[in-house]
Amino acid sequence: MKTKYFLFLAALLTFSLISCDETTDSIGGSLIGRTDNLKVSADTFDVTSSTILAKKITSRSSYGYLGSMLDSETGSLVTAHYTPQFNVLESYRLPATDSIKSRDVNNKIIADSCEIRLFFDTYYGDSLAQIKITVNELAKALEEGTTYYSDFNPEQEGYLRTLNGLKVNRTYTLSDQFESDSIKKLKTYSPNIPIKLNEQYTDKNGVTYNNYGTYILQKYLTDSTAFKNSYRFLHEVCPGFFFKVTGGIGSIARIKAARLNIYFKLQTGGAVKTVTTTFNSTEEVLQLTTIEQNNSQLAKMISANDYTYLKTPAGLFTQLELPINEAITGHENDSLNSAKIQLFRINDASTTAYTLDVPQNILMVAADSLSSFFANNKVVDNKTSFLATYSSSTNSYTFNNIAGLVTMFAKTKAASTSNPNWGKVVLVPVEVGTTTDANKQVYITKISHYMGLSSVKLRGKNNSNKIKMSMIYSKFDGR
């Protein structure tokens, strides 16, 4: 249904201000320089929505995921494998060699022990569930500038060392029953999954060390320039590791950081104490999650008649077909001030033990630009890409002004006959990275696919409660 009404200038001064916002454009003439006889109109149009299969998505994220559990909606298994790399600071140095007291019988410097700890800040499922993993050393580094997708499998793609490579099997629970309660109560304690690397290790050149940590120390002592930057470290020393889930069901952890710890004894002053040198996963290096799930089960959800889905990881997106033709017909000479869409959530009636999260942030982007947006690490510009945050008070997501998208489609209408995606946008659950400057101004620095377990149903599609796009136009009377 289309409704129209006209409002007077005196009551709508704010709309004339909106027309000067850099995020909006005119469909027709400009308002600049005109101050009288302004008329404003508001129209509302139905928006067509549908659910589409996400298939594979770009995998790089600020978080990694590890574990396996049943999806309460589909009943199918969702498994997350994890591939981190480790960063080295350009200022990295080991202490003076004569102060290192951990030595073998030949007086060569060694590591007393070595481990990887996967620190997690939240999880899905049961912290007591036993998950089995195999940790494999990568044979070569993942390359910056290459787009890796959520179905990327380092094992199948030939990235693992198959001859004498490091391989550790480990069973863990997220509650970590082996860690003492006194340690867990410390303010400095952060929940983690520890993996010991203390078995004998043989490098690519056939040299054997008592553990992986000794290999790292000896590499530094042989050629410290290999630790000069992350590129050399990844290509010459430590390409990274693949954490593959091999058994167990019941939990998936969100990994906020991976850390490689190497322990050795150091003399400082007159005392000898155990110290640690560490390498961390950071934003400067890749951190990938590989998702395995039953896409045929996801495909069955697309046929729902009364709502659409947003479902992660690598699950379902909602596609909207904006009523561009209706919106511009009769308004060719008007200025578009605002276009608003509000998406209402249908509450989950599930009574299962582990309900899925509601995605907190969703991206709206033109369907043609979906892949390139993430592959090129773009952030929203509020002209052709927009963010909305879930509001629990209204149980909805609101895009307050997508006039830029409407204008873009209007301007490309002539070329739309050969483009099936013209007028269509996709809604995608995302993770948003921000930074705050000295003036406490918050800026978005990164947008990536949300890889956690989440799901939401959105009203619309074929039911009576259609999605609406509210439009505000303005024009000058020709009198």
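Small disclaimer: the values here were computed from a predicted structure and weren't measured.
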Item to check | Between S61 and E431, a side-chain donor and acceptor under 3.5 Å | outcome: yes
Item to check | Side-chain donor or acceptor of D104 paired with backbone N/O of K108 under 3.5 Å | outcome: yes
Item to check | Full working for ring pair (Phe, Tyr, Trp, His ring centres under 6.0 Å) between F386 and F399 | outcome: CA-CA 7 Å; F386 303 84; F399 292 93; 7.1 Å; no
Checklist entry - So, S49 versus T318: side-chain donor-acceptor pair below 3.5 Å or not? => result no
Checklist outcome for this item: Here the pair of heavy atoms bringing I362 nearest to P429 is CG2-CA, 4.1 Å
Next on the checklist: Within the supplied structure, the quantity of interest is the number of heavy atoms (other residues, nucleotides, ligands) at a distance under 6.0 Å from K446 NZ; does it exceed 12?
Outcome noted: yes
Next on the checklist: Within this structure, what is the CG-CZ distance for the pair N419 and F409, rounded to the nearest 0.5 Å?
Outcome noted: 8.5 Å
Checklist entry - Is it the case that N280 and T282 place a side-chain donor and acceptor less than 3.5 Å from each other? => result no
Item to check | Exercise: do D381 and T384 side chains pair donor with acceptor under 3.5 Å | outcome: yes
Item to check | Shortest non-hydrogen contact from T147 toward A375 | outcome: OG1-CB, 3.9 Å
Next on the checklist: Main chain of T290, side chain of S150: is a donor-acceptor contact present, judged purely on distance under 3.5 Å?
Outcome noted: no
Checklist entry - Can you name the nearest heavy-atom pair linking M451 to I291, along with the distance? => result CE-CG1, 4.0 Å
Checklist entry - Mind checking whether L160 and L138 have side chains closer than 4.5 Å, heavy atoms only? => result yes
Checklist outcome for this item: The reported gap from OH in Y309 to CE in M301 (rounded to nearest 0.5 angstrom) is 3.5 Å
Checklist entry - Does one side chain, of T389 or N361, offer a donor that lies under 3.5 Å from an acceptor on the other? => result yes
Checklist entry - Does any donor atom in the side chain of Y209 or D203 lie under 3.5 Å from an acceptor atom in the other side chain? => result yes
Item to check | Close side-chain approach of I216 and T214, heavy atoms under 4.5 Å | outcome: no
Checklist entry - Hey, is E137 close enough to K167 for a salt bridge, meaning N to O under 4.0 Å? => result no
Checklist entry - Looking only at heavy atoms, which two atoms of S62 and E283 are closest? And how far apart? => result OG-OE2, 2.8 Å
Checklist entry - Between Y390 and Y397, is the gap from one ring center to the other below 6.0 Å? => result yes
Item to check | Any side-chain donor near an acceptor of the partner, Q287 and T83, under 3.5 Å | outcome: no
Checklist entry - How about Q200 and T208: do any of their side-chain heavy atoms sit closer than 4.5 Å? => result yes
Item to check | Check against side chain to side chain contact (heavy atoms under 4.5 Å, CB included), L288 and F152 | outcome: CA-CA 9 Å; L288 306 180; F152 173 74; 4.1 Å; yes
Next on the checklist: Using side-chain heavy atoms (C-beta onward) and a distance below 4.5 Å, is N87 in contact with F233?
Outcome noted: no
Item to check | Value rounded to 0.5 Å, distance of CG in D112 from NZ in K101 | outcome: 13.5 Å
Checklist entry - More than 12 heavy atoms of other residues, nucleotides or ligands under 6.0 Å from CD of Q130: is that the case? => result no
Checklist entry - Distance only, no hydrogens: is a donor on one side chain within 3.5 Å (strictly under) of an acceptor on the other, for S68 and T79? => result yes
Checklist entry - Quick one: does S385's side chain get under 4.5 Å of F373's, heavy atoms only? => result yes
Item to check | Closest heavy-atom pair and its distance - C114, L260 | outcome: SG-CD1, 3.7 Å
Checklist entry - Quick one: are the ring centres of Y212 and F241 less than 6.0 Å apart? => result yes
Checklist entry - Have N395 and N347 got a donor and an acceptor in their side chains that come within less than 3.5 Å? => result yes
Item to check | Gap between atom CD of Q342 and atom CE of M469 - 0.5 Å precision | outcome: 15.0 Å
Item to check | T394 and S391 side chains, donor-acceptor separation under 3.5 Å | outcome: yes
Checklist entry - With no hydrogens and no angle check, do the side chains of T278 and T276 hold a donor and an acceptor under 3.5 Å apart? => result no
Checklist entry - Would you say the ring centroid of Y92 lies under 6.0 angstrom from that of F279? => result yes
Next on the checklist: Using the rule given for side chain to side chain contact (heavy atoms under 4.5 Å, CB included), can you reason through I109 versus T97, listing the C-alpha separation, both sets of side-chain angles and the distance that settles it, and then say yes or no?
Outcome noted: CA-CA 8 Å; I109 290 175; T97 55; 4.0 Å; yes
Next on the checklist: In this structure, is the centre-to-centre distance between the rings of H449 and F374 below 6.0 Å?
Outcome noted: yes
Item to check | Under 3.5 Å: donor-acceptor pair, side chain of S372, backbone of S369 | outcome: yes
Item to check | L453 side chain reached by D357 side chain, heavy atoms, under 4.5 Å | outcome: no
Checklist entry - Is a side-chain donor or acceptor of S99 paired with a backbone partner of A96 at a separation under 3.5 angstrom? => result yes
Checklist entry - What is the distance from atom OG of S190 to atom CZ of F119, rounded to the nearest 0.5 Å? => result 6.0 Å
Item to check | Donor on one side chain, acceptor on other, E115 and N261, under 3.5 Å | outcome: yes
Checklist entry - Is it true that E73 and K311 have a side-chain N and a carboxylate O under 4.0 angstrom from each other? => result yes
Item to check | Six-ring centre of Y307, R459 cation under 6.0 angstrom, axis tolerance 45° | outcome: no
Checklist entry - Quick one: does T225's side chain get under 4.5 Å of R232's, heavy atoms only? => result yes
Checklist entry - Could you go step by step and tell me if I116 and I193 meet the side chain to side chain contact (heavy atoms under 4.5 Å, CB included) rule? => result CA-CA 8 Å; I116 294 176; I193 304 166; over 6 Å; no
Next on the checklist: For E199, is the CD atom crowded, meaning more than 12 foreign heavy atoms sit under 6.0 Å from it?
Outcome noted: no
Next on the checklist: Using only atom types and a distance under 3.5 Å, with no angle test, would you say the side chain of R259 pairs donor to acceptor with the backbone of F86?
Outcome noted: no
Checklist entry - Do you see a donor-acceptor pair shorter than 3.5 Å between the side chains of S175 and S127? => result no
Checklist entry - Taking all atoms of both residues into account, what is the closest heavy-atom pair of N211 and Y201, and its distance? => result C-CB, 4.0 Å
Item to check | Side chain Q293, main chain A314, donor-acceptor under 3.5 Å | outcome: yes
Item to check | Chi angles and distances behind the side chain to side chain contact (heavy atoms under 4.5 Å, CB included) call for I110, S102 | outcome: CA-CA 6 Å; I110 62 172; S102 294; 4.3 Å; yes
Checklist entry - Hey, does the side chain of Y450 reach the backbone of V432 with a donor-acceptor pair shorter than 3.5 angstrom? => result no
Checklist entry - Where the side chain of E90 meets the backbone of N229, is there a donor-acceptor pair that is under 3.5 Å apart? => result no
Checklist outcome for this item: In this structure, OG1 of T277 is separated from OH of Y263 (nearest 0.5 Å) by 11.0 Å
Next on the checklist: I'd like to know whether NZ of K424 has more than 12 heavy-atom contacts from other residues, nucleotides or ligands below 6.0 angstrom.
Outcome noted: yes
Next on the checklist: Whether K256 engages the ring of Y63 as a cation-pi pair (distance to the six-membered ring centre under 6.0 angstrom, angle to the ring normal within 45°) should be assessed.
Outcome noted: no
Checklist entry - Between T146 (side chain) and L142 (backbone), is there a donor-acceptor pair under 3.5 Å? => result no
Next on the checklist: Within the supplied structure, the quantity of interest is the number of heavy atoms (other residues, nucleotides, ligands) at a distance under 6.0 Å from K204 NZ; does it exceed 12?
Outcome noted: yes
Next on the checklist: Can you confirm whether I341 sits close enough to T398 that some side-chain heavy atom of one is under 4.5 Å from a side-chain heavy atom of the other?
Outcome noted: no
Next on the checklist: Has Q85 got a side-chain atom pairing as donor or acceptor with P239's backbone, closer than 3.5 angstrom?
Outcome noted: yes
